[in-house]
Chemist: 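First, the structure itself, so that you have it in front of you.
All chains are named by letter (A, B, ...) in the order of the sequence lines, taking the proteins before the strands, and each is independently numbered beginning at 1.
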Protein chains: 2
Amino acid sequence: MRNQLTIGKDTECKKSLKAIHDVMYIIGGKWKIAIIACLCYQPMRFSEILKEIEGISGKVLSKELKDLEMNQLVTRTVLDKQPITVEYAITEYGHTLKNVTSVIANWGIKHRQRIMSKVL
Amino acid sequence: MRNQLTIGKDTECKKSLKAIHDVMYIIGGKWKIAIIACLCYQPMRFSEILKEIEGISGKVLSKELKDLEMNQLVTRTVLDKQPITVEYAITEYGHTLKNVTSVIANWGIKHRQRIMSKVL
DNA sequence: CAGAATCCAACGGGATACTG
DNA sequence: CAGTATCCCGTTGGATTCTG
């Protein structure tokens, strides 16, 4: 068996996969990482996030924020009524994802450079 | 305007969001990160990945692998015919995502601990 | 074994209109 | 402004079958 000698590695692999599965359940949505990254910079109102994240619709943003709030990654604060204004902010716990978002963003920047240098 | 003093931050935020968007385009699928994490441990045959990643179907794995291959993150090698066996391996470039997957996995492990300690 | 093909149900998500 | 509700269509993805 090709795996005879790598049982240790395999269990570590399984462990990672389980952990990744957990994470994906929480931030696996198409936009969740972007939203978190966004709010890590500063609290924002609903409409501001909508402007900041290109391509997302109000309906989806609403749903994603609700998910994130449920998992205690962001807070929702009503600032005013008439007209209602709501501010979303990252929680202390949500901020522990800053590492994740920045590692991803950094890879993206390098990836773009790689693509660009290939085109030229 | 509440953003007057944070224009610098905003552009940095936009930059991050753009980078994240790029990354999501490549590894944004439901299973791609898991597949990459998996192959970072060792090359695997199709059926092995299928066993390793709980919940994925053959159809989807096939498609995700094709995407990853297209973006030069994994290689596909036919080992034998009759019966055909194929090995998938991470490329050197794909390996640069190891940071990403491990940061995610680590967060997942901590998250699970947090959840567990809350339950008790 | 690896994967393509087919069928079909379920979900995602856009556009629009409406509400407090 | 920040959503919710409704309609509706396209894609996703599961189950199964088939093939080199």
Chemist: Contact class for A/K30 (heavy atom, under 4.0 Å): base, sugar-phosphate, or nothing?
Modeler: sugar-phosphate

Chemist: With a 4.0 angstrom cut-off to heavy atoms of chain B, pull out the first and last contacting nucleotide of DNA chain C, in 5'-to-3' order.
Modeler: C/dC1 to C/dC7

Chemist: Show your working on side chain to side chain contact (heavy atoms under 4.5 Å, CB included) between A/H111 and B/V23 and close with a plain yes or no.
Modeler: CA-CA 8 Å; A/H111 176 70; B/V23 179; 5.9 Å; no

Chemist: Using the six-membered ring of A/F46, assess whether NZ or CZ of A/K51 lies under 6.0 Å from its centre and within 45 degrees of the ring axis.
Modeler: no

Chemist: Let me confirm one number: the OG1-NZ distance from B/T96 to A/K110, rounded to the nearest 0.5 Å.
Modeler: 8.0 Å

Chemist: With the side chain counted from C-beta on, respond yes when A/T85 and A/V78 share a heavy-atom pair under 4.5 Å apart, and no when they do not.
Modeler: no

Chemist: Scan residues 56-67 of chain B against DNA chain C and write down, sorted by residue number, each residue with any heavy atom closer than 4.0 Å; if none is found, say none.
Modeler: B/K59, B/S62, B/K66

Chemist: What's the verdict on side chain to side chain contact (heavy atoms under 4.5 Å, CB included) for A/M44 and A/Y88, showing C-alpha distance, side-chain angles and the deciding distance?
Modeler: CA-CA 5 Å; A/M44 284 192 195; A/Y88 288 92; 5.8 Å; no

Chemist: Starting at the 5' end of DNA chain D, which residue's closest nucleotide do you reach first, B/W31 or A/V86?
Modeler: A/V86

Chemist: Going by an N to O cut-off under 4.0 Å, is there a salt bridge joining A/K32 and A/E64?
Modeler: yes

Chemist: If we only count heavy atoms from C-beta on, is the B/I90 to B/L97 side-chain gap below 4.5 Å?
Modeler: no

Chemist: How would you give the extent of chain B contacts on DNA chain D, as first and last nucleotide 5' to 3' within a 4.0 Å heavy-atom cut-off?
Modeler: D/dG13 to D/dG20

Chemist: Are any non-hydrogen side-chain atoms of B/K63 and B/D67 less than 4.5 angstrom apart?
Modeler: yes

Chemist: Using only atom types and a distance under 3.5 Å, with no angle test, would you say the side chain of A/T91 pairs donor to acceptor with the backbone of A/Q72?
Modeler: yes

Chemist: Strictly below 4.0 Å, N to O, side chains only: are A/R45 and A/E87 in salt-bridge contact?
Modeler: no

